Amino acid sequence: MEQFQSKFIEEATDLIDELEELLLETQIDHLPEGFIEQVFRIMHSLKGSGAMFGFQAIGDFAHNLEDMYDKIRNDEIVITERILDITLSSVDLFKGLLSSDVDPMVAEGVERVTKETLGIINNEDASVQSQARSTSVAGKQKTFWVEFIPDKDIFDNGTNPLYVVDELTGLGKTEVIVNTTKIPELGELNPTACYISWSILMATEKTKEEIDEVFMFVEDSAKISIVEIANRNVLGEEAVENHLKIVKSNPAAVNRKFIEELIELGQNAEKKQEEKKIQENLNEFNRRKQLSSIRVAADKIDGYLSLVSELVTVQTSLSILSEKLKIEELGRITEEIEHLSRNLRDNAISISLVPFATVFSRFQRLVRDLSKEFGKEIELEAEGMDTELDKSMIQTITDPLMHIIRNSIDHGIESPQEREANGKSKTGKIIMRALHSGANIVIEVIDDGKGIDPNKIKVAALRKGYLKPEVELSDEEIVKLILKPGFSTAEKTTSVSGRGVGMDVVNQNVNNLRGTLEIDSELGKGTTIRIRLPQSLSILDGMLVSIAGTLFVIPSMVLLKIAPITRQEIEAASNAMLNIEGEFIPFLNMRNEFGLDGEIPEREELVILEYESTKVALIVDQVHNEYQIVLRPLGKFLKGNDLLLGASIIGEGNISLVLDTDRIIKTVIEKQRKQ
Amino acid sequence: MAKTILIVDDSASIREVVKFTLENAGFDVLVGVDGQDALKFLDGRQIHLLITDLHMPNKNGIELIIEVRKTEDYKRIPILFLTTESQKDKKIEAKAAGATGWLIKPFVPQKLLAAINKVLR
């Protein structure tokens, strides 16, 4: 059962996400095509499988919502803003109900929403009652033209033709035309004779045979004809109604031609309807085609990735062995394996990457909810939503991003009045942008709010002891203080910010992902928060180098070139800059950085890195070869080292240390600036 | 007020079943064992419907209908045949005699009530 339950949770989560996404792009005056059907289907699925897998509360909750949407699609209830709101609030409640330990707040919310839903279903709220009820179209209705012309002596057999007509009108929706034109002058009238006949246009789910059965006792004493006009309900359609007017004013005009024209009208409209349906089906088909994909459990992908990692490790050993043995044939095969495993690695990584757009709806939702709460008008813009990130990373980064957006809404974007007073547009704007930058993914959250006031930060920092009065800092550095643990300047505590869980926590979370966080803020103009993350990369290409016998890996992505360098050249370097082909490049002697001893070779190698048009040179003893490496976490002895990304096993169990080139470059640049 | 139905059949079991069905549906039921016996009910009391078998001793169904249609009080009441007979000429004969409808035995209670509903409201 448990395995089914986890399957259900996965499935339900997808459904709920789908529902949320659907609702967020929905406005009451502009419902997307098939919206109601889709919501109905989601509720239906949640109801069915919820009850089946022991999530009774979900089943019950979805049941009522399903009922409501059933009525909406049958035109018994008109969809309103309120119904959309109710549905949207159900999204969070469903999520809450999925957890093994349901929060009492969730239970309360479910109860409230259920009550409201039932109210709507039972038409307690007049505002949602439909006037369109009469136009409701049920499933398999057909329209018939029924003529009933009793013989004059029908009364003689104890038959009352009115009963027949009465029964006919009970079969469906009818338009009854009574022909009384045959009633003679009073002098010629036989009081026991029947002079009346009926024509009935009838929309019903009954078959022709069932209609025929109504006439079972009168079939010998009346003229009866039943003609199918259309295989749906055409009553109320303008063309049909207009045509009916002819015989309504003159029942005697019912003749063959009239009926033939009626059939034509019914079927013309039918054709149009059919064409429309075909088009709809086509659209649906195309939509599905675009979404063509399969679902794979996350742990299967993890398993695949780890197998690929193993393979890459073994392949690297093979490459090293092959280099050592220098057997031509082995070399060729090794090269091929290297090529294949590289492709396999790229493929594995691409599978675990998901576009940023998959989480974007959560931010839309947040902006929508919070701007309502704060009475602010905010537009959220997305850029580069197809930028791909590792799926686990995207999950981890979502929370910090939510927090950044909260801050923007709460502290950044001003109220509409304030904005107008400052000559800004009433509606504030938050841009969320994702892009590739070198080996990194950059995510920016840009708002056009009031910016961060360095003076306010300074005052708070002094008060809280984050800053000593005698220390002079630039505005930029002061703003950076908000990343310090425990720092928060919120003037009043709101539900979303000012709880002391501020940018410092965000910063920490980003760092845990081997990422960095920057703040650009201009007072009165706005704030940009920039997060840099490695794309995924538990597997990467790297250049193996050695320093005093220790192996290091430099990620190839930032590698610009390699050049030999002599001791004299290094010693001649001034101001920590090396003159390389006429260009002064700051450098770092890795031997010193890592405190490695050992003999210094006469000729060393210079590895030049380039990162966002900044060049940095690293001095190492020897450059070996380029390999694919699998990044492993560092042991506790090295964990504190800022310049390392992780470790990797190369060859026959040799450990190599993977350099964090981003951090190295930054360190060098900072050092440079201080000088 | 409940409507009154006169049933006429020479088979005791059919009479019982029909009576039971009709009484359950809220009708008052009079029972005649053959055509002759049925005539005793035509004493001016209100009868809303007559259901009769075709083949009966003493007076058969057709003969009974002809008698009924002659009376002033009952000449327009609906009359249904309930019979195993389904020959076309018998039906025509019955119709000519003044029958309103024709039901074939054996019957399902709902069908019987539905048929009654066609002639009696």
Side-chain angles (χ1 to χ4, degrees), chain A residues 144 146-174 176 178 183-184 189-200 202 204-226, chain B residues 3-8 38 42 46-52 61-62 64-83 86-104 107-108 110-121:
Chain A
F144 294 95
V146 180
E147 277 180 49
F148 176 37
I149 308 166
D151 295 345
K152 277 197 182 116
D153 60 358
I154 194 165
F155 293 126
D156 291 352
N157 279 36
T159 302
N160 188 341
L162 275 177
Y163 289 168
V164 174
V165 175
D166 206 28
E167 196 177 347
L168 284 173
T169 58
L171 293 182
K173 235 172 65 138
T174 52
V176 180
V178 187
I183 299 178
L189 188 104
N190 174 358
T192 65
C194 178
Y195 297 102
I196 302 172
S197 64
W198 289 266
S199 303
I200 301 171
M202 170 195 287
T204 177
E205 284 167 27
K206 299 271 190 282
T207 62
K208 195 175 170 187
E209 285 69 28
E210 284 171 302
I211 297 169
D212 213 356
E213 223 178 279
V214 174
F215 297 104
M216 73 187 276
F217 293 147
V218 295
E219 56 192 10
D220 296 325
S221 39
K223 264 193 260 162
I224 296 152
S225 84
I226 305 168
Chain B
K3 303 223 158 140
T4 304
I5 298 176
L6 170 59
I7 55 175
V8 186
L42 307 179
Q46 204 171 22
I47 296 174
H48 296 91
L49 169 66
L50 168 63
I51 299 175
T52 180
I62 303 273
L64 173 63
I65 294 179
I66 292 169
E67 294 264 333
V68 172
R69 289 286 183 230
K70 277 187 194 154
T71 64
E72 201 49 46
D73 291 342
Y74 306 107
K75 69 178 178 194
R76 301 228 179 273
I77 68 165
I79 301 172
L80 296 179
F81 266 114
L82 185 63
T83 175
S86 62
Q87 279 171 330
K88 184 90 183 163
D89 53 341
K90 276 287 173 200
K91 273 193 189 175
I92 291 167
E93 193 187 336
K95 208 79 191 189
T100 312
W102 194 275
L103 295 168
I104 307 296
F107 66 90
V108 182
Q110 287 113 305
K111 280 257 165 159
L112 177 68
L113 293 172
I116 290 171
N117 193 43
K118 287 186 197 304
V119 293
L120 194 64
R121 300 239 168 151

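Order of the sequence lines sets the chain letters (A, B, ...), proteins ahead of strands, with each chain counted from 1. No experiment lies behind these values; they were computed from the predicted model shown.
Proximity of A:Leu168 to A:Met202: side-chain heavy atoms (C-beta onward) are separated by under 4.5 Å at one or more points.
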**Asked** Which is it for B:Asp73 and B:Ile47 under the side chain to side chain contact (heavy atoms under 4.5 Å, CB included) test, yes or no, and what are the steps along the way?
**Response** CA-CA 9 Å; B:Asp73 291 342; B:Ile47 296 174; over 6 Å; no
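For chain A, the nearby part of B:Leu80 is the side chain; its heavy atoms alone come within less than 4.5 Å. A:Glu213 touches chain B through backbone and side chain together, each having a heavy atom under 4.5 Å away. Neither the backbone nor the side chain of A:Asp153 comes within less than 4.5 Å of any heavy atom in chain B. For B:Ala97, no part sits under 4.5 Å from any heavy atom of chain A, backbone or side chain.
Rounding to the nearest 0.5 Å places CD1 of B:Ile77 at 7.5 Å from OG1 of B:Thr71.
Top candidate by heavy-atom pairs under 4.5 Å with chain B, chosen from A:Asp166, A:Leu162, A:Asn160, is A:Asp166.
Of the possible polar contacts, one joining the B:His48 side chain to the B:Thr4 backbone as a donor-acceptor pair under 3.5 Å is found.
Electrostatic pairing of B:Arg76 and A:Asp156 counts as a salt bridge here, judged by a charged N lying under 4.0 Å from a carboxylate O.
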